[in-house]
Enquirer: 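Questions regarding the structure given below will be posed in turn.
All chains are named by letter (A, B, ...) in the order of the sequence lines, taking the proteins before the strands, and each is independently numbered beginning at 1.
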Amino acid sequence: MPKAASGKRGGKEIKRRSKKDPNAPKRGLSAYMFFANEQRENVREENPGISFGQVGKLLGERWKALNDKQRTPYEAKAAADKKRYEDEKQAYNAEESS
DNA sequence: TCCATGATTGTTGGG
DNA sequence: CCCAACAATCATGGA
């Protein structure tokens, strides 16, 4: 029964679905997004010519290689971005009432 | 009330 | 143009 295993996010069958809502209040970015934004340059700089597969995986590895304190700045960004989403959500809620 | 799921975010690089 | 691993997220809804 491939239906998630309770607490843990079960699988990895993720497939982005364009938009399903009218104004689609997109969520905020994730800490990893901000981390990638900065590391992408660094990682790619140390590995010039590597494909995304290498960068992507490598990126994720060092992402966790950081300490919670190091992720803080990224998480902070994610939190700020989330707020951004809240705003969209509000507009979405307001507009929703036709 | 609680859980789970879905939708989304961004990187690179290529078919 | 879209997807692919990588990670987080976290708000919403369905029971």
Enquirer: Would you please name every residue forming a salt bridge (Lys or Arg N to Asp or Glu O under 4.0 Å) with Lys82(A), sequence neighbours left out?
Expert: Glu86(A)

Enquirer: In Å, rounded to the nearest 0.5 Å, how long is the span from NZ of Lys77(A) to OG of Ser30(A)?
Expert: 13.5 Å

Enquirer: Would you mind reading off the distance between Ile50(A) atom CD1 and dT11(B) atom P, rounded to a whole angstrom?
Expert: 16 Å

Enquirer: With a 3.5 Å cut-off and heavy atoms only, can you find an N or O donor on one side and an acceptor on the other between the side chain of Arg40(A) and the base of dT11(B)?
Expert: no

Enquirer: May I have the distance from Lys83(A) (atom NZ) to dT9(C) (atom C1'), rounded to whole angstrom?
Expert: 16 Å

Enquirer: Does a sphere of radius 6.0 Å around CZ in Arg62(A) hold more than 12 heavy atoms from other residues, nucleotides or ligands, not counting ones at 6.0 Å or beyond?
Expert: yes

Enquirer: Within residues 28-39 of chain A, which residues have any heavy atom lying less than 4.0 Å from an atom of DNA chain B?
Expert: Leu29(A), Tyr32(A), Met33(A), Asn37(A)

Enquirer: What integer distance in Å separates Arg84(A):CZ from dT8(B):P?
Expert: 18 Å

Enquirer: Please identify each residue that fulfils salt bridge (Lys or Arg N to Asp or Glu O under 4.0 Å) with Glu61(A), with sequence neighbours left out.
Expert: none

Enquirer: Within residues 64-75 of chain A, which residues have any heavy atom lying less than 4.0 Å from an atom of DNA chain B?
Expert: none

Enquirer: On DNA chain B, nearest-nucleotide positions of Asp81(A) versus Phe52(A): which is more 5'?
Expert: Asp81(A)

Enquirer: Once you round to the nearest 0.5 Å, how far does CZ of Arg27(A) lie from CD of Glu88(A)?
Expert: 10.0 Å

Enquirer: OP1 or OP2 of dT12(C) less than 4.0 angstrom from a side-chain nitrogen or oxygen of Lys89(A), does that happen here?
Expert: yes

Enquirer: Report yes if a side-chain nitrogen or oxygen of Arg44(A) is closer than 4.0 Å to either non-bridging phosphate oxygen (OP1 or OP2) of dG13(B); otherwise report no.
Expert: yes

Enquirer: How many Å lie between CG on Asn42(A) and C1' on dT11(B), as a whole number?
Expert: 13 Å

Enquirer: Out of dT8(B), dA8(C), dG13(B), which nucleotide sits closest to the side chain of Trp63(A)?
Expert: dA8(C)

Enquirer: Within the structure provided, determine whether Phe34(A) and Glu38(A) are in side-chain contact (heavy-atom separation under 4.5 Å).
Expert: no

Enquirer: Judged by each residue's nearest nucleotide on DNA chain C, which is more toward the 5′ side, Lys57(A) or Tyr85(A)?
Expert: Lys57(A)

Enquirer: Can you tell me which nucleotide in dT9(C), dA5(C), dA11(C) comes closest to the side chain of Ala78(A)?
Expert: dT9(C)

Enquirer: For Arg27(A) and for Ser51(A), locate the closest nucleotide of DNA chain B by heavy-atom distance; then report the residue assigned to the nucleotide nearer the 5' terminus.
Expert: Arg27(A)

Enquirer: In whole angstrom, what separates Gln54(A)'s CD from dA4(C)'s P?
Expert: 17 Å

Enquirer: How long is the line joining CZ of Arg62(A) and P of dA7(C), in whole Å?
Expert: 14 Å

Enquirer: Would you kindly give the CD-to-P distance between Glu61(A) and dC6(C), to the nearest whole Å?
Expert: 8 Å

Enquirer: Can you tell me how far the CG atom of Leu58(A) sits from the CD atom of Gln39(A), to the nearest 0.5 Å?
Expert: 9.0 Å

Enquirer: Please tell me whether Val43(A) and Leu66(A) are part of a single hydrophobic cluster in this structure, the criterion being side-chain heavy atoms less than 4.5 Å apart.
Expert: yes

Enquirer: Just list the side-chain donor-acceptor pairs under 3.5 Å for residues 69-76 of chain A, sequence neighbours left out, or say none.
Expert:
from, atom 1, to, atom 2, distance (Å)
Gln70(A), OE1, Asn67(A), ND2, 2.6
Arg71(A), NH2, Asp68(A), OD1, 3.3
Arg71(A), NH2, Glu75(A), OE2, 3.3
Thr72(A), OG1, Asp68(A), O, 2.9
Thr72(A), OG1, Lys69(A), O, 3.2

Enquirer: Note down the inter-axis angle between the two ends of the helix from dT1(B)-dA15(C) to dG15(B)-dC1(C), five pairs each, to the nearest 10°.
Expert: 60°

Enquirer: May I have the distance from Glu88(A) (atom CD) to dT12(C) (atom P), rounded to whole angstrom?
Expert: 12 Å

Enquirer: Check the hydrophobic clustering (I, L, V, M, F, W, Y; side-chain heavy atoms under 4.5 Å; chains of links allowed) and say if Phe52(A) and Leu59(A) are grouped together.
Expert: no

Enquirer: To the nearest 0.5 angstrom, please state how far the OH atom of Tyr85(A) sits from the NZ atom of Lys83(A).
Expert: 16.0 Å

Enquirer: Please round to the nearest 0.5 Å and tell me the distance separating atom CH2 of Trp63(A) and atom OH of Tyr32(A).
Expert: 9.0 Å

